[in-house]
Asker: 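Dropping the structure in here first, questions after.
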Amino acid sequence: MSGSAVLGWDIGAALQLGAALGLSPLILAELLPPIEAVIVRKINEHLQAGSGLT
C-alpha cells in the first residue's frame, strides 16, 4: 500500500459548485453523501492496488 488514502470530499465546495451550476441545494445535500461514499471507496481501492490516481 502506498500509505495514502482519500478520507472524503469538501462537501461545502461541492455545494457551492452545485449552486454555481444552478442546482438545488436540497437535492445536492441529499445526493452528494451517498455518491461521495462510493467514489471515496473506489479511489481507495484503486490506491491500494498500487495504481495511483492517474
Side-chain angles (χ1 to χ4, degrees):
M1 185 159 104
S2 66
S4 60
V6 174
L7 299 178
W9 288 352
D10 181 349
I11 294 294
L15 288 171
Q16 286 182 341
L17 178 60
L21 293 171
L23 302 173
S24 165
L26 294 175
I27 292 173
L28 290 171
E30 191 72 28
L31 294 178
L32 284 176
I35 293 169
E36 175 193 24
V38 172
I39 298 288
V40 167
R41 185 171 47 251
K42 291 298 181 180
I43 289 173
N44 285 329
E45 287 173 5
H46 196 71
L47 288 171
Q48 286 180 349
S51 302
L53 290 176
T54 58

Asker: Roughly how far, to the nearest 0.5 Å, is CG of Leu31 from CG of Leu26?
Answerer: 11.0 Å

Asker: Is there a path from Ile27 to Val38 through hydrophobic residues (I, L, V, M, F, W, Y) whose side chains come within less than 4.5 Å of each other?
Answerer: no

Asker: Heavy-atom count around Glu45 CD within 6.0 Å, excluding the residue itself: above 12?
Answerer: yes

Asker: If Ile, Leu, Val, Met, Phe, Trp and Tyr residues are connected whenever their side-chain heavy atoms lie under 4.5 Å apart, and connections chain through other members, are Ile35 and Leu21 in the same group?
Answerer: yes

Asker: Which atom names give the shortest non-hydrogen contact between Ala14 and Leu32, and what distance separates them?
Answerer: CB-CD1, 3.7 Å

Asker: As a quick check of understanding, evaluate side-chain contact (heavy atoms from CB on, under 4.5 Å) for Ile43 and Val40, giving each step before the final call.
Answerer: CA-CA 5 Å; Ile43 289 173; Val40 167; 5.8 Å; no

